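What follows is a short report on a single structure.
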Amino acid sequence: MNFNRAVIKVGSALVAPTKTGCSGQYTLAIAQFITKCQQQGKEIILVSSGGVAAGRSIIHHGSPELSIAVKKAMSSVGQMKMMANWQRFFDRPCSQILINQSDLENRKRFISIKETIQIQLANGILPIVNENDTLTSEDLTVGDNDNLAALVAQVCKADSLFILSDIDGVFTKDPKVHSDAVLIPDIEHITDEIYALAGTSRNHLATGGMKTKIQAAEKAVEHGINTYIVNGTKSEVFASLLAQQNPGTRFAADKDIIKAKKHWLKHTLKSQGKITLDSGAVNALVNKGASLLPSGIKTIEQHFKAGDAVDLIDHQNNHFIAKGISLYSHSDLQRIMGKHSDEIAIILGHNQSNVVVHRDDMVIL
Ligand code: GLU
C-alpha cells in the first residue's frame, strides 16, 4: 500500500477532543507521521476540521444547541487556534487554505486552488485545508470535511486519501453493540450493503459518522484514489502506515480509471519527441515514482511543443523507459536541461513548473 501523494483528513474529535480548545493529545502523533512521510519524499495535504470545536469556549453561547451564526463565529476564531496548534509541531511552514465545495465547481477557482497547492508542495510547505465556514450558505455539519477531503484529493491528484477519526474502520457489525464485530480490511466495491454495515444507507439524512466517510471514499475511488479509514487516536496506526501495512479499512481505487489514463497516454497519444535521462533520473522515475526534473535531462531530440507527449529514454542503454507529457517545448528544454529547477525562471524568464514531466502525466513502460 505504498503512496506518494496523500490527503490526510483529521476530524474535530482528534483536534479538539474535549471540545474546549485544541490539544496535542492526538495531533502530535499525526504531525510526526506527516513529518516522516515528508522526509521520505511523500507529498501531504492536510484537511483539518476543528474550527468550531476550537472556538467553542471563546464565544458565549448559553445553550448546547448552537445556531448557524454562532457556529460560524466560533469556527472563524477557532481556525486561528487550530492552525497555531498544527504549526507548533512542524519546522516546515504550514499554509491555510479555506474553501467551499462550490469553489471546486468553478473552473477558475479549481485551477487557482490546484496551482496554489502544487507550488506549496514543491516548496516543502504543508497545505492545511478547511471549509470556509463563514461563507457557507448552509449549516456547518460534521462530515462536510470528509467530502471536502475527497474533492481536494481529486484536485491535487493524490493517489491516497486517509480519513483519520476515532474509529478503527468499517466493521461487520456495530462494534459498540456486538463484541463479535470484525474489522473489514478491504472493500473492493462500495455497495448498499456497505452503507448498511455502517448502520446507515445511501439516502439516510444523518451526517458525520461513518456515512460521510463512505461517501467520501466513493467519490475518491471513482477517481483512482485509494481511501483508508483509520483510527487517528492510536499511535501504532501510524507505525503500520509507515511500514506500508493497512491498519484500518481500505477502499480500493477504481483500477479501470487508472488503466484508462495510462492506456490513453501509452497508446493513443503520439510521441512528438525524445528526451534522454541520466541514471539518477531513471532511478527516480522507475523506483521512486518521481517526476522528471530538468537536472536529469541529457539530450533532447525532435521539435515538440509544451503539452506534447514525449518518449523518455535511458541515456546509458537507449532503453525506452517511460512516456509522458512535457510541460516545456524542446527549445525551452534545450536551455534548462541539466539545470536545477530554481534556475528555470532566471533562464527562461518564466517558470511553468519545477518539473518537466509530472508523474501524474507519465506512464512507466
Ligand atoms: N469546518 C468545520 C470545523 O472546522 C468542520 C466540518 C467537519 O468536521 O466536517 O469545525
Side-chain angles (χ1 to χ4, degrees), residues 7-27 30-31 45-61 64-87 94-104 109 113 126-155 161-167 198 200 204-220 227-233:
V7 168
I8 298 180
K9 189 263 166 180
V10 179
S12 300
L14 304 180
V15 174
T18 57
K19 293 195 182 154
T20 52
C22 294
S23 141
Q25 187 181 353
Y26 304 123
T27 47
I30 297 169
I45 301 101
L46 182 59
V47 173
S48 179
S49 300
V52 175
R56 210 177 168 98
S57 58
I58 305 170
I59 301 277
H60 298 291
H61 49 93
E65 269 311 302
L66 304 175
S67 70
I68 301 176
V70 164
K71 276 198 246 176
K72 288 183 177 187
M74 287 175 173
S75 168
S76 157
V77 66
Q79 178 68 23
M80 301 272 288
K81 304 241 164 252
M82 190 255 273
M83 287 301 295
N85 188 51
W86 282 117
Q87 181 66 77
C94 298
S95 80
Q96 170 177 264
I97 301 182
L98 296 176
I99 50 179
N100 292 116
Q101 297 199 18
S102 59
D103 292 326
L104 298 168
R109 291 185 188 181
I113 295 162
L126 173 68
I128 305 184
V129 182
N130 191 5
E131 183 141 36
N132 190 350
D133 289 328
T134 309
L135 296 186
T136 46
S137 47
E138 286 146 37
D139 194 1
L140 312 181
T141 43
V142 176
D144 290 344
N145 273 359
D146 293 330
N147 282 295
L148 185 68
L151 297 174
V152 170
Q154 289 163 33
V155 174
L161 164 64
F162 296 97
I163 301 179
L164 270 48
S165 75
D166 52 2
I167 36 177
T200 181
H204 195 255
L205 285 177
T207 56
M210 200 42 98
K211 183 190 175 181
T212 49
K213 292 179 180 42
I214 298 178
Q215 276 176 340
E218 202 169 4
K219 282 200 185 89
T227 304
Y228 301 80
I229 297 178
V230 298
N231 194 331
T233 66

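Note that the numbering runs from 1 along the sequence shown for the chain. The structure displayed is predicted, hence computed values, not measured ones. Ligands are counted one by one from 1 in listed order, and the atoms in each one are counted from 1 as well.
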Notebook entry, point to check: For ligand 1, which atoms, with element, lie under 4.0 Å from some heavy atom of Val52?
Noted result: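 Taking each heavy atom of Val52 in turn, ligand 1 has 3 (C), 4 (O), 10 (O) under 4.0 Å.
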Next item on the list: Please could you name the atoms of ligand 1 that Asn130 approaches to less than 4.0 Å, counting only its heavy atoms?
Entry: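 Heavy-atom distances to Asn130 below 4.0 Å select 1 (N), 3 (C), 4 (O).
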Checklist line | From CD1 (Ile97) to CG (Asn132), nearest 0.5 Å | finding: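 Here the rounded value is 12.0 Å.
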Item checked: For Asp146, the option from Lys213, Lys211, Gln215 that meets side chain to side chain contact (heavy atoms under 4.5 Å, CB included) ->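 Passing option: Lys213.
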Checklist line | Contact check, side chains of Ile167 and Asn231, non-hydrogen atoms, under 4.5 Å | finding: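 With C-beta onward as the side chain, the pair stays apart.
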Notebook entry, point to check: Would you say Ile163 and Val230 make side-chain contact, with heavy atoms under 4.5 Å?
Noted result: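 No, side chains not in contact.
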Notebook entry, point to check: Is the shortest distance from a heavy atom of Gly50 to ligand 1 less than 4.0 Å?
Noted result: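 Yes, Gly50 has a heavy atom closer than 4.0 Å to ligand 1.
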Notebook entry, point to check: Residues in ring-ring contact (aromatic ring centres under 6.0 Å, His included) with Tyr228, at least two apart?
Noted result: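 Expected list: Phe162.
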Does the N or O separation between [X] and ligand 1 drop below 3.5 Å for any pair?
X      : result
Ser75  : no
Ser49  : yes
Asn145 : yes
Ala53  : no
Met82  : no

Next item on the list: Mark yes when over 12 heavy atoms from residues, nucleotides or ligands other than Lys219 sit less than 6.0 Å from its NZ; otherwise mark no.
Entry: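 Yes, NZ of Lys219 has more than 12 neighbouring heavy atoms, counting only those of other groups under 6.0 Å.
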Checklist line | Best match, Thr212, Asp133, Thr136, Asp144: closest heavy atom to atom 1 (N) of ligand 1 | finding: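 Heavy atom nearest to atom 1 (N) of ligand 1 belongs to Asp133.
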Notebook entry, point to check: Of the non-hydrogen atoms in Asp133 and Ser75, which two are nearest, and what is the gap between them?
Noted result: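 Closest pair (atom of Asp133, atom of Ser75, distance): OD2-OG, 2.6 Å.
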